[in-house]
Amino acid sequence: VDTFRSEIVRRTYDQIGHFIVNDISAGEDDPRMLTTVGELGLDYVAMHKRGTPATMQQHCDYADLVGEIIDYFRKFDLRAAQAGIDKWILDPGFGFSKTIDQNYQLLEELERFRVLGREILVGISRKSFIYKKLGIAPEEALPATTALHRKAIDHGANILRVHDVATAKALVL
């Protein structure tokens with residue numbers, strides 16, 4: 001379930017039981033999120049971003065892009081452990097508080113995240129950094145997206161978040 005609100009997590013759990021929480025704020029937008037996830041024993045996807053979706057593109061200054069995101073997740077790991085979260089998945093946040101070039105750098109250096117010992121989720125499907133760089137419309141970006149999905153897998157991604165399931169499935173078979 002894609003949410004950054006702990007109340008949605010609790011209500012969803014009451015309805016369906018165990019699920020994976022996908023939180024674009026890594027618990028930063030709701031102070032009760034991590035403790036709720038820990039109490040319920042849910043798996044969790046923590047995504048890196050800076051600011052809010054409205055302001056994130058004003059927060060793209062990094063001295064060491066990947067190094068700073070790794071440091072962010074080291075700190076998150078401590079917060080998650082304190083909240084009782086055993087299993088969490090790392091999402092480096094493609095498209096969130098990163099420039100077009102930084103997104104490609106992130107993809108090239110994806111293997112560096114292995115140092116954290118977590119599964120890596122890559123969500124690049126239909127992202128603007130793909131079609132804007134190529135000067136094409138979003139609906140024309142599937143071949144490029146598929147090529148970048150292959151690159152993500154080759155560079156350490158364990159999980160792909162996709163829109164075009166059949167194409168992604170064919171890629172990994």
Side-chain angles (χ1 to χ4, degrees), residues 1-6 8-9 12-13 16 18-30 33-34 37 40 42-54 56-57 60 65-66 69-70 72-73 76-77 80 85-114 116-134 136-173:
V1 173
D2 192 13
T3 185
F4 56 85
R5 293 183 177 94
S6 62
I8 299 296
V9 169
T12 303
Y13 182 83
I16 67 170
H18 193 272
F19 64 96
I20 299 173
V21 177
N22 184 39
D23 180 359
I24 66 163
S25 79
E28 293 180 0
D29 290 351
D30 181 339
M33 176 60 92
L34 297 183
V37 170
L40 298 174
L42 300 175
D43 298 345
Y44 188 77
V45 177
M47 190 191 83
H48 173 268
K49 72 171 178 60
R50 290 176 169 174
T52 67
M56 65 186 177
Q57 290 314 116
C60 297
L65 174 70
V66 176
I69 297 171
I70 288 171
Y72 172 88
F73 282 118
F76 173 81
D77 190 45
I85 298 173
D86 295 322
K87 182 177 179 192
W88 64 271
I89 299 163
L90 180 157
D91 179 348
F94 286 90
F96 289 79
S97 58
K98 287 126 188 127
T99 65
I100 290 173
D101 289 340
Q102 287 169 337
N103 284 294
Y104 286 98
Q105 178 188 350
L106 196 58
L107 189 58
E108 286 293 328
E109 297 183 39
L110 196 61
E111 291 169 348
R112 287 180 60 190
F113 290 101
R114 288 273 172 227
L116 297 167
R118 297 289 171 173
E119 289 185 303
I120 301 169
L121 181 146
V122 168
I124 58 175
S125 181
R126 300 186 186 173
K127 293 283 178 131
S128 65
F129 78 88
I130 298 171
Y131 61 82
K132 284 183 179 179
K133 186 165 185 90
L134 297 172
I136 59 176
E139 57 272 8
E140 299 173 294
L142 182 56
T145 298
T146 302
L148 293 178
H149 279 152
R150 177 79 259 155
K151 184 173 210 138
I153 291 167
D154 291 345
H155 285 261
N158 306 95
I159 303 166
L160 300 175
R161 187 199 51 78
V162 303
H163 293 95
D164 304 286
V165 177
T167 304
K169 183 177 177 184
L171 174 71
V172 298
L173 291 179

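Everything numeric here is computed off the predicted structure, so don't read it as measured data.
Closest heavy-atom contact between Pro53 and Ile24: CG-CD1, 4.3 Å. In terms of heavy-atom proximity, Met47 sits nearest to Phe73 at C-CZ, 4.2 Å. Shortest non-hydrogen contact noted between Leu110 and Pro92 is CD1-CG, 4.0 Å. Closest non-hydrogen pair, Thr12 versus Val1, comes out as CG2-CG2, 3.7 Å. Counting all heavy atoms, side chain and backbone alike, Ala168 lies closest to Val162 at CB-CG1, 3.7 Å.
The shortest side-chain heavy-atom distance between Met33 and Tyr44 falls under the 4.5 Å cut-off. Annotation: side chain of Leu160 is in contact with side chain of Ile153 (closest heavy-atom distance under 4.5 Å). Between Leu142 and Tyr131, every side-chain heavy-atom pair lies at or beyond the 4.5 Å cut-off. With contacts defined as side-chain heavy-atom distances shorter than 4.5 Å, the pair Val45/Ile20 qualifies. A 4.5 Å side-chain heavy-atom check between Glu109 and His155 finds every atom pair outside the cut-off. The shortest distance between side-chain heavy atoms of Arg126 and Asp164 falls below 4.5 Å. Side chains of Leu148 and Ile130 form a contact here, defined as non-hydrogen atoms less than 4.5 Å apart. With contacts defined as side-chain heavy-atom distances shorter than 4.5 Å, the pair Leu34/Phe76 qualifies.
Partners of Ile70 according to the side chain to side chain contact (heavy atoms under 4.5 Å, CB included) rule, which considers only residues two or more places apart in sequence or in another chain, are Val66, Arg74, Arg112, Phe113, Val115, Leu116.
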List the steps and the verdict of side chain to side chain contact (heavy atoms under 4.5 Å, CB included) for Val9 and Thr3. CA-CA 7 Å; Val9 169; Thr3 185; 3.7 Å; yes
When you look at Phe19 and Tyr13, which way does the ring pair (Phe, Tyr, Trp, His ring centres under 6.0 Å) test go after all the steps? CA-CA 7 Å; Phe19 64 96; Tyr13 182 83; 7.0 Å; no
For side chain to side chain contact (heavy atoms under 4.5 Å, CB included), just list the numbers for Val122 and Arg161, CA-CA rounded to whole Å, side-chain angles, deciding distance to a tenth of an Å, and then say yes or no. CA-CA 6 Å; Val122 168; Arg161 187 199 51 78; over 6 Å; no
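Here Leu121 contributes atom CG and Ile159 contributes atom CD1; the two are 5.0 Å apart, rounded to the nearest 0.5 Å. Note that CG of Leu107 and NE2 of His149 are 9.5 Å apart. Values are rounded to the nearest 0.5 Å. Rounding to the nearest 0.5 Å gives a distance of 6.5 Å between CZ of Phe94 and CD1 of Ile124. Distance check: Asn103 CG to Ser97 OG gives 9.0 Å after rounding to the nearest 0.5 Å. Interatomic distance, Asn158 CG to Arg118 CZ, rounded to the nearest 0.5 Å: 12.0 Å. Distance check: Thr167 OG1 to Leu171 CG gives 9.0 Å after rounding to the nearest 0.5 Å.
Between Asp29 and Lys49 there is a salt bridge, with a side-chain nitrogen of the basic residue lying less than 4.0 Å from a carboxylate oxygen of the acidic one. Under 4.0 Å is where a charged nitrogen must lie from a carboxylate oxygen, and between Glu108 and Lys151 at least one such pair does.
Remark: side-chain polar atoms of Asp43 are not paired, donor with acceptor, to backbone N or O of Trp88 under 3.5 angstrom. With Gln102 contributing its side chain and Cys60 its backbone, the two residues share a donor-acceptor pair below 3.5 Å.
Other residues, nucleotides and ligands place no more than 12 heavy atoms under 6.0 Å from the CZ atom of Arg5.
A donor-acceptor pair shorter than 3.5 Å can be found between the side chains of Ser25 and Asp23.
By the 6.0 Å and 45° rule, Lys133 stacks over the aromatic ring of Tyr104.
By the 30° and 60° cut-offs, the orientation of the rings of His48 relative to Tyr72 is perpendicular.
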